[in-house]
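Here's the structure we're looking at; comments come further down.
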Amino acid sequence: MNTMNLTEDGKIKTIRYLKATHEDFAKLVNEGKKVIDEFNTMESKTGITMEMCKEKIKEGKIDTVTIDGEEKDILWLYTYYVEKKSILDGYNRAYKFLMEEGVDELLLSIDIGPESYNYNFYKLCLEN
């Protein structure tokens, strides 16, 4: 066991310079769930998935779609999906930075590398 990361009383020393509270994690999860709902709602409204948009664009079919009474082209819809996915990816990175790096630090203190568990805690939280 690597005792370099332990205090004299056996607690783990932290080298992270940014801390997060349970409320911070909860907010990231709740905001991520909102984005997923918005994404899924758009798919339901249009009947077109992000992958379908991508295929239509590749084929050069720049169709229009009616969303809440407004005509939008498929490029607008694809941009909407990409933006929502980017926001969700950002939340995932923030969660990983705030939480999983703390877990990585804990594992390293007992000589276990973070690659050994290869798990995305944020996705688990979003699914539950």
### Query
Heavy atoms, side chains only, cut-off 4.5 Å: are Asn40 and Glu43 in contact?
yes
## Note on the structure
Rounded to the nearest 0.5 angstrom, the CZ-CD distance for Phe39 and Glu83 is 11.5 Å
### Summary
Separation between NZ (Lys85) and CG (Asn92), nearest 0.5 Å, reads 9.0 Å
### Query
Going only through I, L, V, M, F, W and Y residues with side-chain contacts under 4.5 Å, is there a path from Phe25 to Ile87?
yes
### Heavy-atom check, side chain of Tyr91 versus side chain of Val29, under 4.5 Å
no
#### Entry: Euclidean distance, Lys84 NZ relative to Asp37 CG, rounded to 0.5 Å
11.0 Å
### Task
Determine, using the 4.5 Å side-chain heavy-atom cutoff (strictly less than), whether Trp76 and Val35 are members of one ILVMFWY cluster.
no
### Query
Which value, rounded to the nearest 0.5 Å, describes the distance between Asp73 atom CG and Cys53 atom SG?
10.0 Å
### Query
So, does Thr66 use its side chain to make a donor-acceptor pair with the main chain of Gly69 at under 3.5 Å?
no
### Task
Kindly say whether Ala26 contributes a backbone atom to a donor-acceptor pair with the side chain of Asn30 at under 3.5 angstrom?
yes
### Query
Going from CD1 on Ile36 to OG1 on Thr41, what distance comes out if it is rounded to the nearest 0.5 angstrom?
11.5 Å
### Query
Can you name the nearest heavy-atom pair linking Lys56 to Asp63, along with the distance?
NZ-OD2, 3.1 Å
### Query
Does Lys61 reach the side chain of Ile74, with side-chain heavy atoms less than 4.5 Å apart?
no
### Task
Please tell me if the side chains of Tyr80 and Met50 come closer than 4.5 Å, counting only heavy atoms from C-beta onward.
no
### Message
Testing Thr49, Ile67, Thr64 one by one against Leu77 for a side chain to side chain contact (heavy atoms under 4.5 Å, CB included), which residue passes?
### Response
Ile67
### Query
From Ile57 CD1 over to Ile62 CD1, what is the distance, rounded to the nearest 0.5 angstrom?
5.5 Å
